[in-house]
Amino acid sequence: MSKRKTYEIFLSTEDRIDVDLEFRKATGAAPRLARFAITYSARIRGRWREVVRYDNFHGAVHRQRYWRTGEPERVPTMERLPLAALLDACRRDLRENWKRYRGLMEEREESP
């Protein structure tokens, strides 16, 4: 049995972190985090755009940087972390670097 929890963390009126957590529960056991996706999204030119996403929904931890190609790239340094520490590292990266990531995405949007 699984249960999902989603929520948003607003960094500004134009920037947010979307969190999607999936918990699995075995009979008689406490729910355990199984899969996650943490995405920094920005409203650019009036439209919400995904800018950076971390997730393990496809088996391995990976990051997608949409100002580049959007292709998943493995993050080997994070793969060994316990899940709680991994979530903290992803949230911390997005909170600390969202302005830079937004600038990179805006540059891409301006390019022909």
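All values below were derived from every heavy atom in this structure, side-chain atoms included, with hydrogens, water molecules and symmetry-related copies excluded. Since this is a predicted model, take the numbers as computed values, not measurements.
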Take I44 and M105, measure what side chain to side chain contact (heavy atoms under 4.5 Å, CB included) needs, and give me the verdict at the end.
CA-CA 9 Å; I44 299 173; M105 189 66 161; 3.6 Å; yes
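Looking only at distances, no side-chain donor or acceptor of K99 sits under 3.5 Å from a matching main-chain atom of G103.
Counting only residues at least two apart or on different chains, the ring pair (Phe, Tyr, Trp, His ring centres under 6.0 Å) pairs with a member in residues 38-59 are H58-H62. Sorted by first and then second residue, the pairs that involve residues 28-37 and meet salt bridge (charged side-chain N to carboxylate O under 4.0 Å, His left out), not counting sequence neighbours, are E22-R35. Residue pairs meeting the ring pair (Phe, Tyr, Trp, His ring centres under 6.0 Å) criterion with at least one member in residues 72-91, sequence neighbours excluded, do not occur.
Checked against side chain to side chain donor-acceptor pair (under 3.5 Å), R63 has the following partners two or more places apart in sequence or in another chain: E73. In this structure R92 satisfies the salt bridge (charged side-chain N to carboxylate O under 4.0 Å, His left out) test with no other residue, sequence neighbours excluded. In terms of the salt bridge (charged side-chain N to carboxylate O under 4.0 Å, His left out) criterion, residue partners of D15 (sequence neighbours excluded) are, by chain and number, R102. Considering only residues two or more places apart in sequence or on other chains, D18 meets the side chain to side chain donor-acceptor pair (under 3.5 Å) condition with R16, S41. For N56, the side chain to side chain donor-acceptor pair (under 3.5 Å) criterion is met by no residue, not counting sequence neighbours. For R100, the side-chain contact (heavy atoms from CB on, under 4.5 Å) partners at least two apart in sequence or on another chain are N97, L104. Partners of Y101 by ring-ring contact (aromatic ring centres under 6.0 Å, His included), not counting sequence neighbours, listed by chain and number: W67. With sequence neighbours excluded, the residues forming a salt bridge (charged side-chain N to carboxylate O under 4.0 Å, His left out) with R91 are D88, listed by chain and number.
Ion pair R49/E109 flagged as a salt bridge, since at least one NZ, NE, NH1 or NH2 atom sits closer than 4.0 Å to an Asp/Glu carboxylate oxygen.
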Donor-acceptor pairs are to be reported for all side-chain atoms of residues 76-87 against protein atoms at under 3.5 Å, with residues two or more places apart or in another chain.
| from | atom 1 | to | atom 2 | distance (Å) |
| --- | --- | --- | --- | --- |
| E79 | OE1 | R74 | NH2 | 2.7 |
| E79 | OE2 | R74 | NE | 2.9 |
| E79 | OE2 | R74 | NH2 | 2.8 |

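Put simply, the side chain of T39 does not reach to within 4.5 Å of the side chain of V52, judged on heavy atoms.
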